[in-house]
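As the structure is a prediction and not an experimental result, all values here were calculated from the model. Just so it is clear: chains get the letters A, B, ... in the order the sequence lines come, proteins before strands, and each one is counted from 1.
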There are 2 protein chains.
Amino acid sequence: MDRKRLQPADGRPTVHTVAALAGVSIASASRVLNGLGASPETVRKVRAAAAEVGYVPNAIARSLQSQRTDLIAFAVEDIGNPVYVEMMRAIEAVVAESGRQLVVHATGGNVASETALLRRLAHRYVDGMIISPIRVTDAHVAAISDSPAPVVVIGQLPDAVPVDNVRTDSRTGVAMAVEHLAAQGRKRIGLINGPLDTVPGAARDAGFRAALAAHGMTIDEDLIEIGEFQYAAGRAAAERMLSRTVPDALFCANDLIAVGALHALLVAGLRVPQDVALVGMDDTELGRMSFPQISSVSLGSAARGGMAARLLLERIKDPALPARREQVAPHLVIRASSEVAR
Amino acid sequence: MDRKRLQPADGRPTVHTVAALAGVSIASASRVLNGLGASPETVRKVRAAAAEVGYVPNAIARSLQSQRTDLIAFAVEDIGNPVYVEMMRAIEAVVAESGRQLVVHATGGNVASETALLRRLAHRYVDGMIISPIRVTDAHVAAISDSPAPVVVIGQLPDAVPVDNVRTDSRTGVAMAVEHLAAQGRKRIGLINGPLDTVPGAARDAGFRAALAAHGMTIDEDLIEIGEFQYAAGRAAAERMLSRTVPDALFCANDLIAVGALHALLVAGLRVPQDVALVGMDDTELGRMSFPQISSVSLGSAARGGMAARLLLERIKDPALPARREQVAPHLVIRASSEVAR
DNA sequence: CAGACTCCCGTAAACGTTTACAAGATGAGA
DNA sequence: TCTCATCTTGTAAACGTTTACGGGAGTCTG
C-alpha cells in the first residue's frame, strides 16, 4: 500500500492520498467522492480526509477513464464579427447548462486550418465541435463526414452529407430586404456583398438577383460591389460604387459591411435614409449601435447557435441518431436606416 | 500480447494496434511516433502501420502522462466587448505559436463564477489561465494567489500579491484625454463612467478629478454620470446628463459607453465635435466604425494580451520565476470626434 | 441454525500514453 | 577470442481515475 506514492511530486493530493489518510482503499474513496454507496462511517472518514488535504479530482485522469472531456469546441472564422459573438453566447449558455465548457477556435476562415482542426478532433481533446464554415470545400465535406467525433455544422451543406446541420434561408432573407426597400419606393437598389466563392456570398447574390427580378427591376451591375465580409472592405466597396453612381437604397450582405457602407455614405454627404436607404444582414448589436440604427435581416444567429448546441449534445448522448437538419426562418428588423420618419 | 485489446470498442486505433501491426513493442512504436531513436527498419514498419490504420495519438492519455494539456484559458467578463476581442486575438496569436490552444470563458463579471473558475484550475484541465477581472475582491486575491496552476492577471492588483500581472496606467490615460480636450478650449468636460466599485471605474473617476484639478477646473457633479460599461448604459447615462445640462466635451470610460453617448448626443441634435467633443477609452475597432470616428485613449489591449500570454508561457516553463509586473503605457488616438477640422 | 440474500469493501484491471531500466545484439579494440 | 561500449528493443511501471468482480460480514427467513 505504501508502495504507491501518496503525494505526487508536485504535492497535490490524489485519491491515493485521501484513501490512505482515511484508512480505506482507493476504490472506497473514489466511490464516496462520486456519491456512490458506502457506509456512513466510510463516507465521514473520506469526506474528512478529502477536505483536510483539499482534494480536487484530476480532470485528465477522469477523462481518460470516462472517455469524455466535457469540452465542446466552437470553430469560427473571426471572433471579431458580432454575429459569431451572438452565436457563441447562445452556444455557451446551452453548453454551460449541461455542465460542459466551451473552447473557441479562430480559424481565420482558411480551408487548411479548418480541416486541420477537424482532423485534430481525432485526438479526442473535445467531445464534439460546432463549426460554421464560410466556405465549404470537398476537403471540408470529407473531413466532416468521417470525423471521429460528433460535428454540427451551422450553415449550408450539400444535401447528401449526413451531418447534423442548422441552416437558415438567406435567399428569403434577402428577398425580405428587397421587398421592404421596394415598398418604400426605392428604384435603384444596390448590393454590397462578400466573396462569391463563399456560401453566404453566393446565396446573397442569387437571392438578390432573384428578388430584383421578382419586382420587375433590371440588374444594374454598376450597383453591385464585392469585398470581404468586413467593415473596412464594406466601406471601400461603397466608396467604389459611389464613385460611379449613387443608388437610392443599399442592401449589405452583413452588418459589418453595412456599417462600413454607412460610413462611406455619410462621408459622401448623403443622408440615410432620405437619400439612400440602408439594410444590413445578421441583425447584430453593431447595427443597433450605429446612428442611424441600421435595419437588418435577422438570420436568427442566437437561435441557430443554441439549436446547434442542443443537436450536438443530443448526438453525443446518442451517436446512433440519424443526421438532422434544422432550419431557422429569417425576419426583417426595420430601423431608422431604411424608413423615412413621417 | 494479444491479451491486450488491439482495437478499442469504438474501433479507433491505439499505439497497441500500431505496434501489433508493425510487429514491434508498444515502446518501440511510441518511440518512432515521437521521433526518438530506432532502427530504420523499425521506423519504416511503424510508420507504415500507423499510416495504414490512420493512427492519431490520444491527447488525453498523453496529457495524463506528461502532466500538461497544452490548453490555456482566458477568462473574461463579456465576450461582446471589443476590447476583450482584441486581447483575445493577441493572446491567441502567442498561444497558437507555442503549439497550444485557447479556451475562452465568459464569467459575466460576477465574483462567484470567477472564483469558481479559478478553483477549477485545480482540476488541471488547462496549463494556466489569463484573467482580467473587473472587480478584485479578497476572494479573488485569495483564489489567485493560492491557485494550483499559473495565473496571469491583466489589470490592477494589490501590490503585495505575488502574481504575474500586466497593467496599464488608466489615470494617466484619462489625464491625456482631459489635456487634449482642454487644449481644444473645452471648458465643461463631462465624464460617463462605469461602476465605481470596479477597478477601472474607480481609476477613471480618480484620474478624471485629478486631471480637472490639474487644469484648474472645478468638478461639477452634474457633469458626471455612472452606468455600466456598456452601450445601452452609456446612452442612457448621456441622456440623463443632457436632460440636466449640456457639456462641451465628454470623456467616456470605454468605447462602448462612448458609442452610446454619441448616439444620445446625435439624437439630441448636437453636433460632434462642434458642439460636444467626445473621447472614449480602449481604442477598439468600434470607435473606428462610428461616424464620426471616436477619439480614444488606447490602453494597449493587444499589447497587454500578448504580454500576459508570454508571461504565462514563461511561468509554465519555469514555475520558480519571481512574480513579474509589466506595465503598458497609454496613448491618445485623436480622431474626428474631438477635433474640429479647420 | 443453515442457507440465501444484502451490503460494503478491497483487489486489480482498465483507459492510452511515455519512459526507466535491463537485456540482447552488434561491432570494435586488444 | 574476449571484453567493453554502443545501439536497439522489449518489459513493465507510471500518470490518476473509475469500476467489474469477488469475498466477508451481517441480516433475514424457514
Here the distance between atom P of D:dG16 and atom CZ of B:R68, to the nearest Å, is 15 Å
Euclidean distance, atom CG of residue B:L64 to atom P of C:dC15 [Å, nearest integer]:
14 Å
Who passes side chain to side chain donor-acceptor pair (under 3.5 Å) against B:S132, sequence neighbours left out?
none
Nearest whole angstrom, please: distance from the P of D:dC15 to the CG of B:N58.
19 Å
Go through the structure and list residues passing side chain to side chain donor-acceptor pair (under 3.5 Å) with A:R89, not counting sequence neighbours.
B:D78
Pairs flagged by side-chain hydrogen bond (donor to acceptor under 3.5 Å, both in side chains) wherever residues 92-104 of chain A is involved - sequence neighbours left out
A:S98-A:R100
Residue-phosphate contact under 4.0 Å: A:S25 side-chain N/O, C:dG10 OP1/OP2:
yes
Tell me what A:V43 touches on the nucleic acid: a base, only sugar-phosphate, or nothing, going by heavy atoms under 4.0 Å.
nothing
Rounded distance (Å) that lies between atom C1' of D:dG16 and atom OH of B:Y125
19 Å
Side chain to side chain donor-acceptor pair (under 3.5 Å) for A:Q156 and A:R167? Distances and angles first, verdict last.
CA-CA 6 Å; A:Q156 304 294 320; A:R167 49 177 64 186; 3.3 Å; yes
Of A:A61 and B:A29, the one whose closest DNA chain D nucleotide lies more 5'
B:A29
Within the sub-3.5 Å range, which N or O atoms of nucleotides 18-28 of chain C have a protein N or O partner, and how far apart are they?
residue	atom	partner	partner atom	Å
C:dT18	OP1	B:N34	OD1	3.4
C:dT18	OP1	B:N34	ND2	3.2
C:dT18	OP1	B:R62	NH1	3.2
C:dT18	OP2	B:S30	OG	2.6
C:dT18	OP2	B:N34	ND2	3.1

Partner residues of A:R310 under the side chain to side chain donor-acceptor pair (under 3.5 Å) criterion, sequence neighbours left out:
none
Between P of C:dT17 and CD of A:Q67, the distance in whole Å
10 Å
Could you tell me whether the phosphate oxygens of D:dC15, OP1 or OP2, come under 4.0 Å of any side-chain nitrogen or oxygen in B:S63?
no
Taking atom C1' of D:dG26 as reference, at what distance in whole Å does atom CD of A:E41 sit?
17 Å
Could you work out, with salt bridge (Lys or Arg N to Asp or Glu O under 4.0 Å) as the rule, every residue matching B:D127, not counting sequence neighbours?
none
